[in-house]
Structures are given as structure tokens and as C-alpha cells.
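Report on the following structure.
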2 protein chains.
Amino acid sequence: MRLKRTASAETPESAPAGVRDERKQRTRKALLDAALILLDGERSFSSLSLREVAKVAGVVPAAFYRHFTGMDELGMSLVDDSFHTLHQMMRGARSAPLPPANLVARSVETFLLYAQAHRLHFQFIAKERVSGSSSVRLAIRKELRLWTSELATDLAPFPKLKGFNGDDLRMMAGLVVNAMMGATELILDADINDAAELARIHQLAQKQLMLIFLGAAQWKSKPAQ
Amino acid sequence: MRLKRTASAETPESAPAGVRDERKQRTRKALLDAALILLDGERSFSSLSLREVAKVAGVVPAAFYRHFTGMDELGMSLVDDSFHTLHQMMRGARSAPLPPANLVARSVETFLLYAQAHRLHFQFIAKERVSGSSSVRLAIRKELRLWTSELATDLAPFPKLKGFNGDDLRMMAGLVVNAMMGATELILDADINDAAELARIHQLAQKQLMLIFLGAAQWKSKPAQ
DNA sequence: GTTGATAGTGAACATGTGTGCACTATTAGA
DNA sequence: TCTAATAGTGCACACATGTTCACTATCAAC
């Protein structure tokens, strides 16, 4: 109701192609956003109700079914969107490489700032990675494995990491991903205005990554296993 | 009903003190166990209903209130029980120290086997650490911080870790705890009968810990910060 | 034995839930 | 301009939920 009025007020008739589709995508996004907003704070995805999401999106419950077959499908869409966000970041990082000085510390900084900027998406990933319905959870695990493999590939060329074979490189990348997710969880739980606390977490994560890379420089994979 | 009959059958009259209290503790435990059982698999704690828990415990919903004011209080009790389990393990490890050969690998093995043996408790911790109600979540975080500090204290005497000041030691302990929780999550999600998969995860975690300790041996904390 | 305390029962309530169905209004295409 | 398609509405249903209340049956203490 409110959504229709404002929509028709904001977009008089200047729509070259698909006024209808655009409208549909708008409420689809409203539903996804509503879920993310409700997920912020206490709630977990599996405790959200379809009606609740519809209400926050400003839509009647039955309208939900025009977009998703149920909450599970909406959850899968959130997984897609969230990892799209993450992959965008990775792509950006590759296309505009950081200077090698303090590479680790700078990468951590970049990542955590990105996580703060896309708070809701990262919160969703962090929560549902471990507690969601199995379809959502497995989808997230799969994406995280993929991310780990990408990271391993990016890491491979570094001269200090010549001691690694492929398996062990992924092992190390997994450790890095774990540490970053842990720091992300701390960030998401911290008071958003407590700059000192945020800085403390950033430094903690930076040191942890430095420690990992310090160990990595010494690592020797067993040649034949 | 069924619970009462079996109870009176199993304990004829040989109860020195508190037949009544013992009965009460029994159904209290039944409620806690019911929640853990329901939590196994798909569900998250915040999606459990009081009625559901009561039904699995074999008790009418109203009886729930004789033991807990609501699901949140039951959750807090689960936190206590779960960490009691964990502290028991730590105490056992300290009182019967492992031989120094392969110390890291053996410790990982011990921990993960313990996690498998107390599957439901560790699953609860892993899930609600990130997605639970804020009281439960904060309680778990507090316990994990405590655990991290204990671990740091246990680690301090090692000669190879002389390069650490107190803060950095906790930083490293946090990394260890993170890695172990990550491995625990993998274990809990794996098929319980897939021995090869479990062994793979054990080896992964062992390598990750070795990598951390390799880095730690090289670490030099800044003397004054 | 009698009596007070209480763990567990069963029914009731108001409210929230997922989902189906006939509907209305708007748009895309003929 | 007329018509088919469809995003969103409003209502209905059967059911699950948290919580309350009077109750019953059992145990502890006198």
C-alpha cells in the first residue's frame, strides 16, 4: 500500500522497459531487506516467520509467495546476495593490489572495513553458517570452501610460501578464513560507535594473521604423502 | 507419567535423602536433554518452543515452569552444563599431562575426541555462540574468553613461547581456540560413521595447530606498547 | 495418621502461524 | 482500445504457541 503510493509518486512514467518487473524486483528486495533487518540483533533466521518478514516489507503475507516458495528459498537468496558482496570485495582486491609493505595488516584492515560496511550480509553469513537449516548451512559452507580455495590460489605465488603443497596451502587458507570470520563476529557484536574497541579488534586480527604467516614462512610440506 | 512409573520401579525405597528432590532433578534433566536432542540436526535454540521441549521430555507444558521461568533460563543452564563439560576436560588434561613428544598433535586428538563424545553440548556451544539470544550468547562468549585465558596461562611456561607478553599470548590462545572451534564444527557436521572424513578433519586441525606453534616459536612481542 | 508443600495434570485463553482462495488494480501486448 | 497476465489484497482455515488456573497425587514432617 504505502509502497505502491510512493513508488508511483517517485517514478511518474519514466520507465523505458519493464515498469512492472522493476516494481516486482523492488518488493522482492524489500522482502530480502526485511529479513536482514529482523536478523540484526537477537534473532536467528530460523526463528523468523514469513508473516513477520512480509509485515516489515510492507506487504501482505500471501504476496510473499509471488517471490519465494517459502522462507528457505528466501534464505538461499540471501546466501547468494551475501557472497556476491564478498566476491565483489575479492575481485576489487585483486584488480587493485595493495603495496607489498605491510600487506597482511592492510588486507586485514580492508576486509574488516568491508565487513563493517556490509554488516547485515556478514552477520547473516556468520550466524547461518553454523545454525541455519541444512540447505542454507550447506550452501554457506560450500561458498566458504570456494572462498578458501580462491584465497589459496592467490597465496600460492608468494615466495615465502614455497614450502607448501596444494593441500597444505588450503589448510593454511582455512586457518586464515577462520581467523577472519572470528574477528568479523567480534566486530559485528561490538558497539558500532566504540572506536577504541573496533581498533582493538582490528589489531588483534592483524597480529593473528601475522602469526600465521610467520609460521607459514617456516612450513615444509611433506614431499610425498 | 511413564517417567514416574519407571522411577518408582527402579528406586523401590532405597533413597536416603530426598526421594522427592531426586524426582524433580530427574525431570529437570529430562527438559535439558530434550532441548539438546531437539537442537541436534537442523534446529537452532531460538526456534525451539517450550511446548516442544516439554513434549519430548514427556511432561505437560505447564510443568516446565516448575523448573525454569522460560526458555531463556533453560538456555543459560545449558551454557553452564556445556562449559562444565569443557572445564572437566581441561582439568583432566592438566592433572594427567601428555608426554612432550607430539604434544600438539596429541592435544588436538584429545580435544576432538572429547568433542565427539560430548557432541550435543559442543553443538550447543558452537551454534549459540553466534546466533542465540543475547543473554545466552554473551554468557558463551564470556566462558570462551575465560577458556582462552586459561589456555594462555597453561601455555606460558613453554620455553619456545618466551617471546610473548601477556596480551600477545592471549591473542595466540584465541587463535588456537578459534581453530579448535572451527574443527569442532566440521566434526559435528560430518557423518558420524565416516571414519575417513573424521580422520581427515583431525589431521587438518593438527596441521593448523602445528602451523600456529611454528609461528609462535618465531614471535617477538614488542617490548613496550 | 494428619497435614502442608509441591511436581505434574488438563483445560482454557488470546494470539501468531503457514497457506489457500477469490478478488482487484495495474500493466504489457495484440 | 480491448484483453490476458499478474503483483498485491483481504479473508478464511486449521493449527501451534506461551501462559494462567484450579486440580490431583504424592512425599516430608509433625
Side-chain angles (χ1 to χ4, degrees), chain A residues 1-35 38 42-75 133, chain B residues 1-32 34-35 38 43-75 133:
Chain A
M1 182 172 65
R2 183 175 58 244
L3 203 135
K4 266 202 284 186
R5 297 242 182 94
T6 59
S8 55
E10 286 167 7
T11 58
E13 65 270 358
S14 63
V19 172
R20 202 180 186 98
D21 281 6
E22 187 216 11
R23 195 78 60 90
K24 176 164 186 181
Q25 294 310 315
R26 201 199 302 276
T27 77
R28 184 190 142 95
K29 180 158 162 37
L31 287 167
L32 291 166
D33 289 349
L38 285 171
E42 303 286 282
R43 317 289 306 278
S44 78
F45 186 75
S46 54
S47 78
L48 297 187
S49 74
L50 186 154
R51 290 181 107 102
E52 218 174 353
V53 171
K55 182 179 291 180
V56 171
V59 139
V60 99
F64 184 99
Y65 296 102
R66 302 288 183 193
H67 302 272
F68 307 100
T69 63
M71 286 295 289
D72 239 50
E73 194 172 298
L74 185 144
S133 74
Chain B
M1 182 170 67
R2 182 176 60 243
L3 202 135
K4 267 201 283 187
R5 297 241 181 95
T6 59
S8 56
E10 286 165 9
T11 58
E13 65 269 359
S14 63
V19 173
R20 202 179 188 97
D21 280 7
E22 187 216 9
R23 196 78 61 89
K24 176 165 187 179
Q25 294 309 316
R26 201 199 301 275
T27 78
R28 183 190 142 96
K29 179 157 164 37
L31 286 167
L32 291 167
L38 284 171
R43 318 288 307 277
S44 79
F45 186 76
S46 53
S47 78
L48 297 187
S49 75
L50 187 153
R51 289 181 106 102
E52 218 174 353
V53 172
K55 181 180 293 181
V56 171
V59 140
V60 99
F64 184 99
Y65 295 102
R66 302 287 184 196
H67 302 272
F68 306 101
T69 63
M71 285 295 288
D72 240 50
E73 195 172 296
L74 184 144
S133 75

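Proteins come first, then strands; the chains are lettered A, B, ... in the order of their sequence lines, and each starts at number 1.
Atom CZ of B:R66 and atom CG of B:L31 lie 13.0 Å apart (nearest 0.5 Å). Atom-to-atom distance recorded for A:F64:CZ and A:E73:CD is 8.0 Å, nearest 0.5 angstrom. Distance check, rounded to the nearest 0.5 Å: CG of B:L50 to CZ of B:F68 gives 10.5 Å. Once rounded to the nearest 0.5 Å, the distance linking CD of B:Q25 with CG of B:L32 reads 9.5 Å. Between A:H67 atom NE2 and A:K24 atom NZ the span is 6.0 Å, to the nearest 0.5 Å. Interatomic distance, NZ of B:K55 versus OG of B:S49, reported as 8.5 Å (0.5 Å rounding).
Regarding A:R28, its CZ atom lies at a distance of 17 Å from the P atom of D:dT6, rounded to whole Å. Rounded to whole Å, the distance from CZ on B:R43 to P on D:dA16 is 13 Å. B:F64 has its CZ atom 13 Å from the P atom of D:dT17, to the nearest Å. Between the CG atom of A:D21 and the P atom of D:dA7 there is a distance of 8 Å, rounded to whole Å. Between the CZ atom of B:R20 and the P atom of C:dA5 there is a distance of 12 Å, rounded to whole Å. Atom NZ of A:K24 and atom P of C:dT27 are 16 Å apart (whole Å).
The phosphate of D:dG8 (OP1 or OP2) has a side-chain N or O of A:T27 nearer than 4.0 angstrom. Distances shorter than 4.0 Å separate some side-chain N or O of B:R23 from OP1 or OP2 on D:dC27.
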- request: For each nucleotide in nucleotides 16-24 of chain C, reading 5' to 3', give B when a protein heavy atom comes within less than 4.0 Å of its base, S when such contact involves only the sugar-phosphate, and - otherwise.
  value: -BBBBB---
